[in-house]
Amino acid sequence: MAGKIIADTLETGAGADISTSYVVNGSAKAWVHFDGTGTVATRDSFNMSSVTDRATGAYTTSATNAMASADYAWTSNASNQGAAYGAYCVEGDATGTKNFNGRTSSNVRLNTGGYTAWDDALSISSVYHGDLA
């Protein structure tokens, strides 16, 4: 039996109220945590269909259900435990150039690296916030 629950407000066990619009609009619509070294391996995810290894330090994360447009909020971070440098993560295009042309409604191309070059990262997390299509 399929059903529908309609509510404008939720109440926590402690008696605090929260608007359902806050829950719907404020929740991540997709996220992924993966190992970008060697053969890329997804550790855990929600609404992500794949992570593609494009080149050294270059990946594409793809959502199962697309966003309404390419103008959603995206954030990501990367780290390399024990590396002599910290890792950073930026949006990049197909060539790995640092710019803002690496996003569509269903995927983000991202690049990770140290201070001077792209490099595979041991731990990468990426989150999409916005409206689903």
Side-chain angles (χ1 to χ4, degrees):
M1 171 196 259
K4 183 188 291 189
I5 298 173
I6 299 174
D8 293 327
T9 306
L10 300 174
E11 183 178 315
T12 68
D17 290 342
I18 186 166
S19 169
T20 55
S21 65
Y22 179 81
V23 175
V24 170
N25 295 324
S27 299
K29 300 307 186 285
W31 57 265
V32 63
H33 178 228
F34 65 97
D35 180 345
T37 61
T39 301
V40 172
T42 299
R43 293 186 172 119
D44 201 0
S45 68
F46 171 73
N47 192 27
M48 284 290 181
S49 60
S50 66
V51 175
T52 304
D53 187 353
R54 297 189 338 264
T56 300
Y59 314 92
T60 300
T61 60
S62 298
T64 303
N65 299 297
M67 305 299 281
S69 74
D71 295 328
Y72 54 92
W74 166 82
T75 187
S76 193
N77 63 39
S79 64
N80 273 330
Q81 184 178 4
Y85 57 84
Y88 64 87
C89 190
V90 297
E91 186 175 342
D93 67 11
T95 64
T97 303
K98 296 179 208 174
N99 65 34
F100 300 102
N101 297 322
R103 184 185 329 191
T104 70
S105 63
S106 60
N107 66 53
V108 173
R109 292 178 183 204
L110 60 101
N111 300 87
T112 61
Y115 296 119
T116 59
W118 298 128
D119 194 12
D120 289 345
L122 179 64
S123 178
I124 305 167
S125 296
S126 187
V127 181
Y128 297 17
H129 284 273
D131 296 326
L132 291 173

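Keep in mind the model is a prediction, meaning the values are calculated, not measured. For the single chain, residues carry numbers from 1 onward in sequence order.
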Using modelled atom types and a 3.5 Å cut-off, is there a donor and acceptor pairing between side-chain atoms of Asn47 and backbone atoms of Asn65? yes
All heavy atoms of Met48 vs all of Thr64, minimum pair found to be C-OG1, 3.3 Å
Scanning both residues in full, the closest heavy-atom pair of Ala63 with Ser49 reads O-OG, 3.7 Å
Here the pair of heavy atoms bringing His33 nearest to Ser125 is CD2-OG, 3.2 Å
Practice problem: Determine yes or no for a side-chain-to-main-chain donor-acceptor pair under 3.5 angstrom, with Thr20 supplying the side chain and Ala7 the backbone. | Solution: yes
When every non-hydrogen atom of Gly38 is compared with those of Asp120, the smallest separation belongs to N-OD2, 4.3 Å
Verify side-chain contact (heavy atoms from CB on, under 4.5 Å) between Val108 and Thr60, making sure each step is shown before the conclusion.
CA-CA 6 Å; Val108 173; Thr60 300; over 6 Å; no
TODO: Anything under 30° is parallel, anything over 60° is perpendicular, the rest tilted; go ahead and classify Tyr128 against Tyr72.
DONE: parallel
In terms of heavy-atom contacts, Ser45 and Val32 come closest through CB-CG2, 3.9 Å
* Asked: Can any side-chain N or O of Thr52 pair as donor or acceptor with the backbone N or O of Arg54 at less than 3.5 Å?
  -> no
Next on the checklist: Counting only heavy atoms from other residues, nucleotides and ligands, does the tally under 6.0 Å from CG of Asn77 exceed 12?
Outcome noted: yes
Among the clusters formed by ILVMFWY side chains lying less than 4.5 Å apart, do Trp74 and Phe46 turn up in the same one? no
To the nearest 0.5 Å, atom OG1 of Thr12 lies from atom CD1 of Ile18 at 8.5 Å
For Ala58 and Asp53, the nearest pair of non-hydrogen atoms, with its separation, is O-OD1, 3.5 Å
Separation between CZ (Arg103) and CZ (Arg109), nearest 0.5 Å, reads 13.5 Å
(Q) Could you tell me if the side chain of Leu132 sits less than 4.5 Å from the side chain of Met67, heavy atoms only? (A) yes
Interatomic distance, CG@Asp131 vs OG@Ser105, rounded to 0.5 Å, equals 12.5 Å
Point to revise | Atom CG of Asp17: over 12 foreign heavy atoms under 6.0 Å | key: yes
Assess whether side-chain contact (heavy atoms from CB on, under 4.5 Å) is satisfied between Ile124 and Val51, documenting all intermediate values.
-> CA-CA 11 Å; Ile124 305 167; Val51 175; over 6 Å; no
